[in-house]
Amino acid sequence: MKSTARRQSYGVKGAPYAHPSPTTTLKRARSAPYFFLLPATLLFALFFALPIGYALWLSFHKVKVSGLGLGSGARKEVWAGLQNYTDALTDSELVNGALRVLGYGCIVVPVMLGLALLFALMLDSEKVRLAPFTRLAIFLPYAIPGVVAALLWGFLYLPDVSPFYFVLDKLGMPQPDLLDGGPLYLALSNIAVWGGTGFNMIVIYTSLQAIPAEVHEAAKLDGATPLQIALRIKIPMVAPSLVLTFFFSIIATLQVFSEPTTLKPLTNSVSTTWSPLMKVHRDAFGDGDIYSAAAQAVIIAFVTLLLSFGFLRAANRRQKQEAAR
């Protein structure tokens with residue numbers, strides 16, 4: 001018995017087996033989460049924080065040209081202070097691009113969220129048929145890349161190749177030019193609505209599925225119609241999802257780039273500065289002025305952050321007021 005106990009208490013080389021102390025175990029338990037967070041932290045620092053810091057650094061600098069700009073020391077990077085920001089805020093092209101995006105957003109956001117809510121409520125209805133196929137069909141456009149979707153719709157907008165214009169011509173109906181003037185906003189908005197409705201619908205529909213069935217049954221017993229259930233029960237209970245989708249839609253609207261850039265070769269109505277991001281791209285890669293482009297990018301990011309924070313704060317305040325009632 002003694003020899004057996006001695007073999008169990010000693011290791012292979014005869015050394016006693018030392019159990020970790022409670023302090024060591026506690027330290028390991030506390031440090032374990034940081035090891036799991038380390039890969040994500042490194043990726044965040046390398047591909048998010050570092051580019052933002054570099055853009056901020058560029059926005060406060062400019063290139064000073066001496067003489068004819070020839071030679072190794074003729075072009076120097078110097079401190080510019082707030083000059084790049086002042087020039088960006090007084091740039092008429094950037095301001096006009098922001099106004100165009102504002103009008104574009106006033107069309108896209110209400111229509112897209114309205115359709116997403118309508119489709120989600122219809123799929124959540126008890127009388128709906130082929131719900132899986134319908135849900136997939138509505139969501140499928142979101143899976144198509146934005147550039148591909150813009151190209152597809154762009155060719156449908158062209159009078160020479162569009163089947164819609166062929167049908168209108170045969171019927172003797174007017175053929176509006178959707179790539180010129182005011183209809184251009186509708187054409188661009190249609191691409192965004194077609195591609196983004198499915199994602200927002202899935203978010204809202206998931207929230208509708210989380211509503212307990214007892215709530216619907218109680219409303220039916222009280223004599224509520226399906227329309228009353230939708231307006232007075234379902235929509236108020238999915239309000240957080242509506243806030244979330246509205247938040248995402250605002251960010252996507254402020255960052256519109258691929259749709260007008262893709263349609264630009266098809267029409268002269270879309271300039272290289274149609275949206276603020278398009279102007280940033282032109283200044284950085286067309287004109288080679290990365291310092292002014294960095295300042296404009298920082299301004300766009302700040303405005304996006306400010307609007308998002310203000311909207312979320314207002315939404316949270318309203319939810320607290322309703323909860324207090």
Side-chain angles (χ1 to χ4, degrees), residues 94-124 135 138-147 149-150 152-154 157 178-179 181-208 230-231 234-263 269-270 274-280 299-319:
L94 184 65
V95 175
N96 292 333
L99 294 177
R100 283 190 287 266
V101 168
L102 179 62
Y104 166 83
C106 290
I107 301 174
V108 171
V109 175
V111 175
M112 182 169 58
L113 295 185
L115 289 176
L117 178 61
L118 177 62
F119 290 150
L121 291 173
M122 292 174 63
L123 289 174
D124 192 59
R135 184 168 62 249
I138 298 174
F139 178 78
L140 189 60
Y142 177 75
I144 300 176
V147 175
L152 292 174
W153 281 104
Y157 294 152
L178 298 177
L179 295 178
L184 177 63
Y185 287 87
L186 299 177
L188 290 171
S189 301
N190 175 65
I191 300 174
V193 170
W194 182 77
T197 300
F199 171 79
N200 295 307
M201 181 271 297
I202 289 296
V203 175
I204 300 173
Y205 177 72
T206 304
S207 299
L208 289 173
L231 296 177
K234 292 183 178 182
I235 294 179
M237 294 189 73
V238 299
S241 297
L242 294 175
V243 171
L244 181 64
T245 53
F246 187 79
F247 173 72
F248 288 155
S249 301
I250 290 178
I251 295 177
T253 301
L254 294 175
Q255 297 177 353
V256 59
F257 177 80
S258 61
E259 291 87 354
T261 302
T262 306
L263 293 183
S269 299
V270 180
W274 193 88
S275 70
L277 283 186
M278 291 179 66
K279 186 178 187 306
V280 172
I299 292 174
I300 295 173
F302 177 76
V303 171
T304 304
L305 180 63
L306 186 64
L307 291 176
S308 303
F309 178 77
F311 172 73
L312 289 178
R313 187 171 183 180
N316 292 332
R317 184 183 303 173
R318 183 176 180 180
Q319 289 181 359

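Start at 1 with the first residue, then count along the sequence. What you see is a predicted model; the values in this text were computed from it and never measured.
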Peer 1: Supply the atom-to-atom distance Leu178 CG to Leu263 CG, rounded to the nearest 0.5 angstrom.
Peer 2: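 Rounded to the nearest 0.5 Å, the CG-CG separation comes to 10.5 Å.
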
Peer 1: Let me confirm one number: the CG-CD1 distance from Leu123 to Ile138, rounded to the nearest 0.5 Å.
Peer 2: 5.0 Å

Peer 1: If you count the non-hydrogen atoms of other residues, nucleotides and ligands that lie under 6.0 Å from OH in Tyr142, is the total more than 12?
Peer 2: no

Peer 1: Using atom types as modelled, flag every donor-acceptor pair under 3.5 Å from a side chain in residues 107-117 to any protein atom, sequence neighbours excluded.
Peer 2:
none

Peer 1: Give the minimum heavy-atom separation between Leu179 and Ser269, together with the two atoms involved.
Peer 2: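 Closest approach of Leu179 to Ser269: O-OG, 3.3 Å.
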
Peer 1: What are the two closest non-hydrogen atoms of Pro236 and Ala230, and how far apart are they?
Peer 2: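 Closest heavy-atom pair between Pro236 and Ala230: CD-O, 4.4 Å.
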
Peer 1: Sequence neighbours excluded, which residues qualify as ring-ring contact (aromatic ring centres under 6.0 Å, His included) partners of Phe257?
Peer 2: His281

Peer 1: So, taking the atom named CG in Asp124 and the one named NZ in Lys234, what distance separates them when rounded to the nearest 0.5 Å?
Peer 2: 4.0 Å

Peer 1: Just grab all the side chain to side chain donor-acceptor pair (under 3.5 Å) pairs involving residues 250-261, residues at least two apart or on different chains.
Peer 2: none

Peer 1: Please report the interatomic distance CD1(Ile251) to OG(Ser308), rounded to the nearest 0.5 Å.
Peer 2: 4.0 Å

Peer 1: Determine whether Ile235 and Leu121 satisfy the following criterion, side chain to side chain contact (heavy atoms under 4.5 Å, CB included), listing intermediate values before the conclusion.
Peer 2: CA-CA 9 Å; Ile235 294 179; Leu121 291 173; 4.2 Å; yes

Peer 1: Do any side-chain atoms of residues 187-202 form donor-acceptor pairs under 3.5 angstrom with protein atoms, and if so which ones, sequence neighbours left out?
Peer 2:
residue	atom	partner	partner atom	Å
Ser189	OG	Tyr185	O	2.6
Asn190	ND2	Tyr157	OH	2.9
Thr197	OG1	Val193	O	2.5
Asn200	ND2	Gly196	O	3.0

Peer 1: Please output the side-chain donor-acceptor pairs of residues 95-103 that fall under 3.5 Å, not counting sequence neighbours, one pair per line with the distance.
Peer 2:
residue	atom	partner	partner atom	Å
Asn96	ND2	Ser92	O	3.0
Arg100	NE	Trp274	O	2.9
Arg100	NH2	Thr273	O	2.8

Peer 1: Count the heavy atoms of every other residue, nucleotide or ligand shown that sit under 6.0 Å from CZ of Phe311, and state whether that count exceeds 12.
Peer 2: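 Atom CZ in Phe311 is crowded, with more than 12 foreign heavy atoms closer than 6.0 Å.
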
Peer 1: Rounded to the nearest 0.5 Å, what's the gap from CG on Leu186 to OH on Tyr104? Could you check?
Peer 2: 12.0 Å

Peer 1: Do Leu254 and Ile300 have side-chain heavy atoms sitting under 4.5 Å apart?
Peer 2: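 No. Closest side-chain heavy atoms not under 4.5 Å.
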
Peer 1: Suppose the criterion is side chain to side chain donor-acceptor pair (under 3.5 Å): which pairs have a residue in residues 239-250, not counting sequence neighbours?
Peer 2: Ser207-Ser241

